[in-house]
Amino acid sequence: MRRRLVALLVPALLAVAGCTDAGPERAPTTRDEAARSRPSPFADCSSLTTDRPSTPRATPAPGGTPLPELTLTCFTGGAPVDLHQIRGPAVINLWASWCAPCRAELPAFQRLSERAEGQLTVVGVNMRDTRSGAQSIGEDFGVRFPSLIDQGEALQRALGRKAIPMTVLVDANSQIQHVDVSGALDDARLAELVRVHLGVAVPE
């Protein structure tokens, strides 16, 4: 009886607090092949490592740690992206289609990318997912910001965090100022994190 109760409670707790473990390994399927034939909903990654015009903003907080020296593939293809060369300020969101809190918060990240355009960059990192699952989420939820692929959880290991969703706030000097693993974020909480840790005021 106790074992049955634990088996029922664990999935519910993961859905509320966030997914603390990655989904199962998944082999490529015919759905993945079909997804490759459709246009990607995500933007390409070519702009992630290029300088953006300077815009007036508050001074980012001092300190921080550098982004890990990892190279990840862009969902749309093209040249791989050196993560530590991403130009800040940036908000990096680790997500997967099988993670319920990730799906809940993705629309807020899309709205952030639109409202703060020119002030910061929103970047997705899709974790241990099928291509068809990730692409369907992008299409259904209208997610357009660039997304990288991390099938081996390299970024989680480099950051020493296992939880997903995870949000990494990177300042104008490409230094990590905060890592949030509190669960699904909404518009207000995202705007607060960006203001406090990056010094960027998100327009209403």
Side-chain angles (χ1 to χ4, degrees), residues 14-22 45 47-52 54-72 81-96 99-128 143 145-150 153-204:
L14 289 177
V16 173
C19 306
T20 57
D21 196 9
C45 304
S47 63
L48 294 180
T49 56
T50 58
D51 289 315
R52 68 172 57 85
S54 58
T55 56
R57 58 178 178 262
T59 303
T65 57
L67 279 165
E69 294 193 11
L70 296 174
T71 300
L72 298 177
V81 174
D82 292 328
L83 198 68
H84 70 283
Q85 292 184 352
I86 288 179
R87 305 298 182 187
V91 176
I92 302 175
N93 177 243
L94 283 66
W95 66 280
C99 170
C102 301
R103 296 195 302 272
E105 70 177 5
L106 276 171
F109 282 90
Q110 176 59 32
R111 290 188 290 270
L112 175 66
S113 73
E114 296 167 1
R115 291 171 180 165
E117 184 176 5
Q119 294 181 281
L120 59 78
T121 299
V122 175
V123 185
V125 177
N126 185 242
M127 308 290 298
R128 286 183 63 183
V143 178
F145 51 80
S147 200
L148 305 171
I149 299 172
D150 185 4
E153 304 178 13
L155 181 53
Q156 283 184 322
R157 290 198 305 273
L159 295 173
R161 305 289 184 96
K162 187 68 173 175
I164 183 172
M166 183 188 307
T167 300
V168 183
L169 288 94
V170 181
D171 69 16
N173 299 314
S174 299
Q175 300 285 302
I176 297 173
Q177 291 293 342
H178 181 71
V179 178
D180 188 275
V181 291
S182 61
L185 302 174
D186 59 17
D187 296 86
R189 179 62 177 150
L190 262 178
E192 179 186 15
L193 289 171
V194 166
R195 178 183 58 80
V196 171
H197 298 288
L198 303 183
V200 175
V202 180
E204 292 289 338

Write down the atom of [X], the atom of [Y], and the distance for their closest heavy-atom approach.
X      : Y      : result
Cys102 : Cys99  : SG-SG, 2.6 Å
Gln119 : Pro203 : OE1-CD, 3.7 Å
Ser174 : Arg87  : OG-CA, 4.0 Å
Val122 : Pro146 : O-CD, 3.6 Å
Ala184 : Pro101 : CB-O, 3.5 Å
Ala158 : Leu70  : CB-CD1, 4.2 Å

Should [X] and [Y] count as side-chain neighbours, where that means a heavy-atom distance under 4.5 Å?
X      : Y      : answer
Val91  : Val194 : yes
Asn126 : Trp95  : yes
Val202 : Arg195 : no
Pro68  : Arg157 : no
Leu83  : Leu155 : yes
Glu105 : Asn93  : yes
Ile92  : Ile176 : no

Spatial distance of atom CG (Leu198) from atom CG (Leu169) [nearest 0.5 Å]:
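Here the rounded value is 4.5 Å.
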Spacing of CG belonging to Leu48 relative to CD belonging to Gln85, to within rounding of 0.5 Å
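Leu48 atom CG to Gln85 atom CD measures 11.5 Å (nearest 0.5 Å).
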Going by side-chain contact (heavy atoms from CB on, under 4.5 Å), Asp180 matches just one of His197, Arg189, Met166. Which one?
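So, applying the side-chain contact (heavy atoms from CB on, under 4.5 Å) to Asp180 and each of His197, Arg189, Met166, only Arg189 qualifies.
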Apply side-chain contact (heavy atoms from CB on, under 4.5 Å) to the pair Leu185 and Leu193, showing each step before the final yes or no.
CA-CA 10 Å; Leu185 302 174; Leu193 289 171; 3.9 Å; yes
Salt bridge or not for Glu114 and Arg111, using N-O below 4.0 Å?
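Not counted as a salt bridge, because no side-chain N and carboxylate O are separated by less than 4.0 Å.
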